[in-house]
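Before any comments, here is the structure.
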Amino acid sequence: MTFFFTSIFIFLVFWRPQEWLLPWMFGWPVLDVVVFMALLALIIEVDQGRVHFPKQRSQIFLLLGLWVASIMSHVVHTYFAGMVETIPEVFKICFFTVLLFCILDRPGHLRALAIMFVLMSCVMSVHAIMQQKLGYGFMGLEPFLDVRPGRADPVLRSYFFGIFSDPNDLAQIIATSIPFTFVMTRRNSFLSILFGCAITCLLVFGIIATYSRSGLVALAGVTAVIMILVLPVRWMPFLMAGLFAGALALCPLSIAQLDISAHDRVVFWGMANQVFIASPLNFIFGIGHGMFWQVASSRAAHNAFVSCYTELGVFGYWFWFILIFMGVMGAWRVRISLKEVRGVDEMWIRRFAGICIAAIIGFLSSAYFLSRAFIYPLFFLVAMLGSLPRIAEKYLSEGHPALISPARDIWGYGSIATVISIIYIYISIILLNRAFYV
């Protein structure tokens, strides 16, 4: 029953029916009720031994640390109102992610969640295409006119409802769902690949309908990682490093594709970096969760990484980034450890691990241009990736070492990766700003 209620929650997060389909429900705490029911079901199933709380998994403590860090970002600045607002807001995201970690304990649950991503994105894509072809989508929602770089005339941009009511956000989630089209079936066959390609075509047309540059960046990230997955698994870290280095080198060349609004974003990122290093307090604890408006004159950050380390400082960003890093590293090690297996479930888990990496890289690629640091779909992906080692270890031989070592991977590799990521983002913003003013 826990998985049933968490699935309902995920469905409601994607669709938000109270905002368009069932307006009479608007204002009802539907999500809170569903989470409460999921919690009750979890308590019962843990007591019955049907679900085991993964207290040995580091992600549980990382989520707790992220929540504490978001609170501390206001405490150090003695901003009581911000602290009171942040406590329930971040707690809900972290708590539900813990629920997902508890119930994502078998391949069937992972596959069901992947199918949900794809089905929801298919519906959104149909809606987006209808807006382009018919002039309206579901519930008569019409696209809006917008000027795009390189185009003399305005274009019609499609968008959805709820948290995807912006074309960029819609394109991001559709692109993120594309890899999952190839793991909807347990067996990998010509027909399953053909089926995945057919759905992918629909999703790509949905992305095109949004005229979103960040959506195309996400699509490029997904495509690049899927191509890497074809190559030997041990090459992945080096190829991924080359991919990121190439993206950094392209920063100065992207100026021709950016308009005035994009220019403003880059300027705000530079200002955020200045605020970030302005004082030890800001550097360690940030300026406060949800307080980026102080930097950007009440405008959004449009960069999840900059938003996170500016608001939460290195302390909070460490927890946020480590959750992502541990998921990707764990999935990579799952692919290595299950390399020689031949069982249907084991082979599917190995494929799913690679596909999950492609999905989150696509999401994060576009998140460089979107304020999506604390949004449920990202934490859905974090839970899926983080659950893979726990599931894969059931199929490994007895005595096989744990796929994740907290001392080595969190405090060692993870901390180094966190510092590198901040330096990487910092340098990319410097390059973009300098290119604008050449």
Side-chain angles (χ1 to χ4, degrees), residues 3 6-7 9-11 13-14 57-60 62-63 66 92-105 107 109-121 124 163-164 169-184 203 214-215 217-219 221-222 224-226 229 240 304-305 308 319-335 349 351-368 370-392 404 417 421:
F3 184 72
T6 53
S7 298
F9 182 93
I10 294 170
F11 172 82
V13 165
F14 275 103
R57 295 296 166 180
S58 303
Q59 284 88 346
I60 305 300
L62 290 172
L63 287 164
L66 181 62
K92 290 178 181 179
I93 294 177
C94 293
F95 180 74
F96 184 78
T97 309
V98 171
L99 283 180
L100 273 184
F101 270 114
C102 292
I103 54 93
L104 291 179
D105 57 356
H109 287 175
L110 289 175
R111 189 166 63 254
L113 193 51
I115 291 173
M116 190 175 299
F117 263 80
V118 174
L119 290 180
M120 295 300 178
S121 294
M124 294 177 188
I163 60 174
F164 308 112
D169 300 333
L170 174 59
Q172 181 187 46
I173 195 62
I174 294 176
T176 300
S177 301
I178 286 178
F180 293 126
T181 61
F182 299 101
V183 289
M184 296 176 68
L203 299 183
S214 58
V217 170
L219 182 59
V222 165
V225 176
I226 289 178
L229 294 177
M240 293 290 287
F305 302 93
C308 188
F319 290 104
W320 182 83
F321 186 81
I322 289 289
L323 281 166
I324 298 170
F325 176 79
M326 290 292 292
V328 174
M329 175 172 281
W332 174 65
R333 288 191 177 149
V334 166
R335 295 189 72 223
I349 293 170
R351 283 193 295 127
F352 185 81
I355 287 301
C356 256
I357 294 175
I360 198 164
I361 291 299
F363 187 96
L364 294 175
S365 298
S366 59
Y368 185 92
L370 300 174
S371 306
R372 313 287 275 179
F374 284 87
I375 188 170
Y376 278 111
L378 172 59
F379 286 84
F380 296 163
L381 293 171
V382 165
M384 294 165 75
L385 283 160
S387 299
L388 280 168
R390 175 190 180 193
I391 297 173
I404 296 294
S421 71

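FYI, the numbering just counts along the sequence from 1. Given the structure is predicted, the values throughout are model-derived calculations rather than measurements.
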query: Does any pair with a residue in residues 169-181 pass salt bridge (charged side-chain N to carboxylate O under 4.0 Å, His left out), and if so which ones, sequence neighbours excluded?
result: Asp169-Arg372

query: At what distance, to the nearest 0.5 angstrom, does SG of Cys308 lie from CZ of Phe319?
result: 11.5 Å

- prompt: What's the shortest heavy-atom distance between Ser365 and Val217, and which atoms?
  reply: O-CG1, 3.6 Å

Sub-4.5 Å side-chain heavy-atom contact between Thr176 and Val222: no

- prompt: Atom CZ of Arg335 and atom CD1 of Ile357: how far apart are they, to the nearest 0.5 Å?
  reply: 6.5 Å

message: Ignoring hydrogens, what is the shortest heavy-atom contact between Phe305 and Leu364? Give both atom names and the distance.
response: CE1-O, 3.7 Å

message: Test side-chain contact (heavy atoms from CB on, under 4.5 Å) on Phe352 and Val334; report intermediate values, then the result.
response: CA-CA 10 Å; Phe352 185 81; Val334 166; over 6 Å; no

message: Please give me the minimum heavy-atom distance between Leu99 and Thr6, naming the atom from each residue.
response: CB-CG2, 4.4 Å

field: Test item: Arg390 side-chain N/O and Phe101 main-chain N/O as donor-acceptor pair under 3.5 Å
entry: yes

- request: Could you tell me which residues satisfy side chain to side chain donor-acceptor pair (under 3.5 Å) with Ser371, sequence neighbours excluded, listed by chain and number?
  value: none

- prompt: By ring-ring contact (aromatic ring centres under 6.0 Å, His included), which residues pair with Phe164, not counting sequence neighbours?
  reply: Phe14

- request: Not counting sequence neighbours, which residues clear side-chain contact (heavy atoms from CB on, under 4.5 Å) with Ile163? List them please.
  value: Val13, Ile375, Pro377

- request: Applying side-chain contact (heavy atoms from CB on, under 4.5 Å), name anything that partners Val118, two or more places apart in sequence or on another chain.
  value: Cys122, Phe180, Thr181, Met184, Ile199

- request: Only counting residues at least two apart or in another chain, list the ones meeting side-chain contact (heavy atoms from CB on, under 4.5 Å) with Leu119.
  value: Ile115

- prompt: Quick one: CG on Leu104 to CG on Leu385, what's the gap to the nearest 0.5 Å?
  reply: 10.5 Å

- prompt: How would you list, by chain and number, every residue that makes a salt bridge (Lys or Arg N to Asp or Glu O under 4.0 Å) with Arg333, sequence neighbours excluded?
  reply: Asp409

message: Once side-chain contact (heavy atoms from CB on, under 4.5 Å) is applied, do any residues pair with Ala218, and if so which ones, sequence neighbours excluded?
response: Ala175, Ser366

- line: Interatomic distance, CZ@Phe321 vs CG@Leu66, rounded to 0.5 Å, equals 14.0 Å

field: Pairing residues for Arg57 by the salt bridge (Lys or Arg N to Asp or Glu O under 4.0 Å) criterion, not counting sequence neighbours
entry: Glu393

message: Nearest 0.5 Å, please: how far is NE2 in His109 from OG in Ser7?
response: 7.5 Å

- request: Could you pull out all residues at least two apart from Tyr368 that satisfy side chain to side chain donor-acceptor pair (under 3.5 Å)?
  value: Ser428

message: If we ignore hydrogens and angles and just use 3.5 Å, is the side chain of Trp320 paired with the main-chain N or O of Ala373 as donor and acceptor?
response: yes

query: Would a 4.5 Å heavy-atom cut-off, applied to side chains only, mark Met240 and Val225 as touching?
result: yes

- prompt: With Ser177, which residues qualify under side chain to side chain donor-acceptor pair (under 3.5 Å), at least two apart?
  reply: Ser121

message: Within this structure, what is the CG-OG distance for the pair Leu219 and Ser214, rounded to the nearest 0.5 Å?
response: 11.5 Å

- line: By side chain to side chain donor-acceptor pair (under 3.5 Å), Thr97 pairs with (sequence neighbours left out) none

query: What are the two closest non-hydrogen atoms of Cys356 and Leu388, and how far apart are they?
result: CB-CD1, 4.5 Å

